[in-house]
Amino acid sequence: MSKRGRTPTPALDRLTTTERGQLLSELLMAHPDLVDQAENHALTLLAVADADEIAKSIEWTLREADADQLALRAGRIYGRGYVHENEAASEILEELLQPDLDDLARRAALGLHDVASQIGLGLLRGLARCRTAVEDGTVLAYAGPDVTDDLAWSVHDALTKAKVSLPDGAPDSLPTEWGRLLIP
């Protein structure tokens with residue numbers, strides 16, 4: 001028996017993320033019998049996170065942060081006064097980490113504590129990797145050697161606020177001093 005091909009959907013394939021969200025909302029309002037099925041699929045999607053992939057992603061994001069942004073955010077800034085390049089670099093890195101912290105909190109709020117824990121562990125592993133081999137001229141270099149420690153505390157605070165703890169054995173993959181400070 002031959003496999004039937006998928007019906008072409010050229011308009012659906014070209015929808016933006018916002019338009020897809022709007023379409024899903026409209027379909028669910030028109031077909032309330034699909035809400036439970038959609039909710040289950042949503043939970044299934046949100047219940048998966050790979051700490052190693054998250055670590056790679058945040059490491060890449062922080063190492064590749066746009067150093068050109070420093071020129072716009074450091075120096076004499078109208079309405080703010082003088083902003084040191086180290087402070088501007090730290091702010092950039094905090095902003096890059098924030099979506100992942102928000103994702104951790106979002107999943108924990110849904111009761112997905114195991115996946116939130118994996119996100120936290122991945123973030124900490126990625127931050128630990130950013131402690132070494134920092135290239136001159138990067139945002140990480142301008143932020144200073146303690147920036148990853150400060151960002152690790154942001155992860156710790158997000159985990160604490162979400163009432164999520166790291167998985168057993170997590171200290172083994174983190175810097176020794178983080179293990180003592182971040183893990184009760």
Side-chain angles (χ1 to χ4, degrees), residues 16-18 45-78 80-110 112-162 164-184:
T16 66
T17 303
T18 302
L45 285 172
L46 292 170
V48 177
D50 182 326
D52 292 329
E53 289 300 316
I54 292 166
K56 289 176 194 172
S57 175
I58 197 64
E59 178 186 11
W60 184 87
T61 299
L62 298 183
R63 287 189 187 277
E64 298 301 318
D66 187 3
D68 292 338
Q69 287 294 311
L70 285 174
L72 301 172
R73 298 175 69 160
R76 194 161 294 290
I77 305 295
Y78 181 76
R80 223 180 136 186
Y82 183 80
V83 177
H84 195 276
E85 61 195 19
N86 301 94
E87 181 182 350
S90 292
E91 288 173 1
I92 290 169
L93 296 175
E94 288 169 10
E95 290 168 11
L96 291 171
L97 180 65
Q98 192 59 51
D100 291 298
L101 298 177
D102 293 342
D103 189 32
L104 183 156
R106 174 178 70 115
R107 294 189 198 208
L110 289 169
L112 301 171
H113 293 206
D114 289 341
V115 75
S117 178
Q118 289 297 311
I119 292 169
L121 179 59
L123 293 174
L124 291 171
R125 284 181 182 167
L127 290 169
R129 292 177 189 171
C130 288
R131 296 177 82 187
T132 60
V134 176
E135 293 183 31
D136 287 340
T138 63
V139 175
L140 268 173
Y142 279 106
D146 294 334
V147 71
T148 54
D149 296 345
D150 295 340
L151 294 173
W153 276 108
S154 295
V155 174
H156 174 266
D157 290 346
L159 287 165
T160 301
K161 186 175 180 183
V164 172
S165 58
L166 290 172
D168 293 337
D172 299 339
S173 62
L174 300 174
T176 306
E177 62 273 20
W178 287 7
R180 286 193 308 270
L181 296 172
L182 299 176
I183 313 298

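Owing to the predicted nature of the structure, the values given are computational and were not obtained by experimental measurement.
For Asp52, the salt bridge (Lys or Arg N to Asp or Glu O under 4.0 Å) criterion is met by Arg125, not counting sequence neighbours. Residues forming a salt bridge (Lys or Arg N to Asp or Glu O under 4.0 Å) with Lys161 (at least two apart in sequence, or on another chain): none.
Leu96 has its side chain out of reach of Val139: every pair of non-hydrogen atoms, C-beta onward, lies at least 4.5 Å apart.
The heavy-atom pair separating Gly126 from Ile58 by the smallest distance is CA-CG2, 3.6 Å. Considering all non-hydrogen atoms of both residues, Leu97 and Ser154 come closest at CD2-CB, 4.3 Å. Minimum interatomic distance between Ala158 and Leu101 (heavy atoms only, all atoms of both residues): CB-CD2, 3.9 Å.
Within the structure, every pair that satisfies the side-chain hydrogen bond (donor to acceptor under 3.5 Å, both in side chains) test and touches residues 137-151, not counting sequence neighbours, is listed here: Asp149-Trp178. Applying the side-chain hydrogen bond (donor to acceptor under 3.5 Å, both in side chains) test to every pair with at least one member in residues 87-102, sequence neighbours left out, gives these pairs: Arg73-Glu95, Arg80-Glu87, Arg80-Glu91, Gln98-Asp102.
A donor-acceptor pair is defined here as one N or O able to donate and one able to accept, closer than 3.5 Å; such a pair exists between the side chain of Thr61 and the backbone of Ser57.
Expressed to the nearest 0.5 Å, how far CG of Leu127 lies from CG of Leu174 amounts to 9.5 Å. Taking OG1 of Thr160 as the reference point, atom CH2 of Trp153 lies at 8.0 Å (rounded to 0.5 Å). Distance CD1/Ile54 to CG/Leu121: 8.5 Å, rounded to 0.5 Å. In this structure, the separation between CZ on Arg131 and CG on Leu140 is 12.5 Å, given to the nearest 0.5 Å. In this structure, the separation between CG on Leu93 and CZ on Arg63 is 11.5 Å, given to the nearest 0.5 Å.
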Kindly list each side-chain donor-acceptor pair under 3.5 angstrom involving residues 113-120, sequence neighbours excluded, with atom names and distances?
residue, atom, partner, partner atom, Å
His113, NE2, Ala108, O, 3.4
Ser117, OG, Ser165, O, 2.8

In residues 65-72, what donor-acceptor pairs under 3.5 Å come from side-chain atoms, sequence neighbours left out?
residue, atom, partner, partner atom, Å
Asp66, OD1, Asp68, N, 3.0

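Ion pair Glu59/Lys56 not flagged as a salt bridge, since none of the NZ, NE, NH1 or NH2 atoms sits closer than 4.0 Å to an Asp/Glu carboxylate oxygen.
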